[in-house]
Visitor: 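Below is one structure. I have some questions about it.
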Amino acid sequence: MIMLQGTLPLDFSQCQRWRNGRERWRPAGELFNPRYASVQRIDTATAKAFVQEHHYSHSFPASRVNAGLFVKKPFQKEILAGCATFSVPMTQAVVPALLDGLHSSLGVELGRFVLLDEVEANGETWTLARAFKVLREGLPAIRGVVSYCDPEPRYSKTGDLVKKGHVGTIYRAHNATPRGRSKPRTLLLAPDGSVANERALSKLRNGESGADYVEGMLRSMGAEARRLSESGADYVRRLIDTGFLRRKKHPGNLAFSWNL
């Protein structure tokens, strides 16, 4: 195990998986049988539904190419058991900063990588290698990939561990180059420990298109209704002031890159 400053011990004897927004873990010594698996390009709607159902953030980035892991074991139906989404980075500065000046149009981010808990441990590297092949075929002009991982554990408002920290072991196994940390920031956490997306909150604050959807998401998490004549900005401020949205300082995610 390894300990990063300010985190829980990180356990390399287990491999992270997801189901219905909750972390699951497989023992690292397991063997994945590729005989029953394939990785294929999938459409955005299929990828979005899978990621939003199973990833802890329940969010989906602006994807450019999606690769799905399909598994068909003997006497069972074929299922979608994983998804790798290559997406548009949050800002145009990300790709040049992490890929030695490469133009932003020539890079993508591995924005989501989600495998179900029934995928054996070493299925990660097998899937990721083939997802990169799907990326090359779908976007042959792309010359680099960046990605991040969060080493900080995250807890719900009641103190339950929602997400362990991880240090990108699978990225390192797939020959990624460590690029240090992203900038420190302050997160806004919902009661379930998920991060309140700042772009989504800005839609609510400014009354932009999609504000009603964001408000509905907050209400579904237990937020109070917006008061009569209360602006979106005042509503978000009240959720913060009352502690529904909790501020948490974050030292920055670990960054990685691949040159193709």
Side-chain angles (χ1 to χ4, degrees), residues 1-19 21-32 51 54-59 61 67 69 82-87 89-91 94-95 97-100 107-117 119-132 135 144-156 160-187 189 193-195 248-260:
M1 293 202 289
I2 187 171
M3 175 78 83
L4 292 181
Q5 185 176 3
T7 70
L8 291 177
L10 299 170
D11 189 353
F12 294 131
S13 66
Q14 293 182 314
C15 296
Q16 186 182 46
R17 296 291 183 268
W18 299 97
R19 184 174 290 275
R22 304 294 295 182
E23 279 188 319
R24 300 290 188 270
W25 297 88
R26 301 289 304 222
E30 290 181 321
L31 294 177
F32 173 78
V51 170
H54 295 295
H55 194 261
Y56 75 91
S57 70
H58 299 294
S59 65
L69 168 65
C83 177
T85 292
F86 298 95
S87 58
M90 289 295 290
T91 70
V94 168
V95 169
L98 298 184
L99 286 163
D100 304 319
V108 293
E109 180 176 343
L110 177 58
R112 294 288 184 270
F113 184 48
V114 185
L115 299 184
L116 294 185
D117 54 356
V119 179
E120 294 83 0
N122 67 338
E124 292 174 313
T125 48
W126 187 90
T127 301
L128 195 58
R130 283 148 186 82
F132 269 61
L135 170 66
V145 179
V146 301
S147 193
Y148 298 90
C149 68
D150 187 353
E152 296 292 302
R154 196 166 300 150
Y155 297 89
S156 70
D160 296 323
L161 180 63
V162 175
K163 181 187 73 64
K164 293 182 181 180
H166 61 106
V167 294
T169 305
I170 182 60
Y171 299 159
R172 299 169 195 268
H174 193 54
N175 300 316
T177 301
R179 295 287 185 170
R181 283 186 184 263
S182 61
K183 292 181 179 180
R185 64 199 191 281
T186 298
L187 305 177
L189 300 183
S194 61
V195 177
K248 183 183 186 299
K249 290 184 178 180
H250 192 286
N253 290 333
L254 301 178
F256 297 87
S257 69
W258 292 266
N259 289 299
L260 303 184

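Only this structure's heavy atoms are used, side chains among them; waters, hydrogens and symmetry mates stay out. The first residue of the sequence shown is numbered 1, and numbering continues consecutively from there.
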Visitor: For the aromatic rings, using the six-membered ring if either is Trp, is the centroid distance between Phe132 and Phe86 under 6.0 Å?
Guide: yes

Visitor: Ring-plane angle category for Trp258 and Tyr171, please: parallel below 30°, perpendicular beyond 60°, tilted otherwise.
Guide: perpendicular

Visitor: For residues Pro151 and Val167, report the shortest heavy-atom separation together with the two atoms involved.
Guide: CB-CG1, 4.5 Å

Visitor: Within the 4.5 Å heavy-atom criterion, are Val195 and Arg154 side-chain neighbours or not?
Guide: yes

Visitor: How long is the gap from CZ on Arg172 to CG on Asn175, to the nearest 0.5 Å?
Guide: 12.5 Å

Visitor: With heavy-atom distances below 4.5 Å as the criterion, would you say the side chains of Leu254 and Arg181 are in contact?
Guide: yes

Visitor: For residues Phe113 and Leu128, determine if any side-chain heavy atom of one lies less than 4.5 Å from a side-chain heavy atom of the other.
Guide: yes

Visitor: Using 0.5 Å steps for rounding, measure from the CE atom of Met90 to the OH atom of Tyr148.
Guide: 10.0 Å

Visitor: Please check if any side-chain donor atom of Arg112 sits under 3.5 Å from a side-chain acceptor atom of Ser59, or the reverse.
Guide: yes

Visitor: Kindly indicate, with the supporting measurements, whether the criterion side-chain contact (heavy atoms from CB on, under 4.5 Å) is fulfilled by Thr85 and Leu110.
Guide: CA-CA 6 Å; Thr85 292; Leu110 177 58; over 6 Å; no

Visitor: Drop me the distance from Cys149's SG to His166's NE2, to the nearest 0.5 angstrom.
Guide: 5.0 Å

Visitor: Locate the shortest heavy-atom distance separating His250 from Asn253; write the atom from each residue and the value.
Guide: CE1-OD1, 3.2 Å

Visitor: Start with the C-alpha gap between Leu135 and Arg130, add the side-chain angles, then the distance that decides, and say whether side-chain contact (heavy atoms from CB on, under 4.5 Å) holds.
Guide: CA-CA 9 Å; Leu135 170 66; Arg130 283 148 186 82; over 6 Å; no

Visitor: Does the side chain of Leu115 reach to within under 4.5 Å of the side chain of Glu124, using non-hydrogen atoms?
Guide: yes

Visitor: Measure the spacing between SG of Cys83 and CG of Leu69 and express it to the nearest 0.5 Å.
Guide: 10.0 Å

Visitor: State, to 0.1 Å, how close Gly107 and Pro89 come at their nearest heavy-atom pair, and which atoms those are.
Guide: O-CD, 4.5 Å

Visitor: What closest approach, in Å, do Ala173 and Thr125 show between heavy atoms, and which atom pair accounts for it?
Guide: CB-CG2, 3.7 Å

Visitor: Any heavy-atom pair between the side chains of Leu116 and His54 that's under 4.5 Å?
Guide: yes

Visitor: Find out whether Leu187 and Lys249 are in side-chain contact, i.e. whether some heavy atom of one side chain is under 4.5 Å from a heavy atom of the other.
Guide: no

Visitor: Between CG of Leu98 and OG of Ser257, what distance do you get to the nearest 0.5 Å?
Guide: 6.5 Å

Visitor: Ignoring hydrogens, what is the shortest heavy-atom contact between Val162 and Gly193? Give both atom names and the distance.
Guide: CG2-CA, 4.3 Å

Visitor: Going by an N to O cut-off under 4.0 Å, is there a salt bridge joining Arg179 and Asp100?
Guide: yes

Visitor: Look only at the side chain of Ser87 and the backbone of Pro61, and say whether a donor-acceptor pair between them is shorter than 3.5 Å.
Guide: no

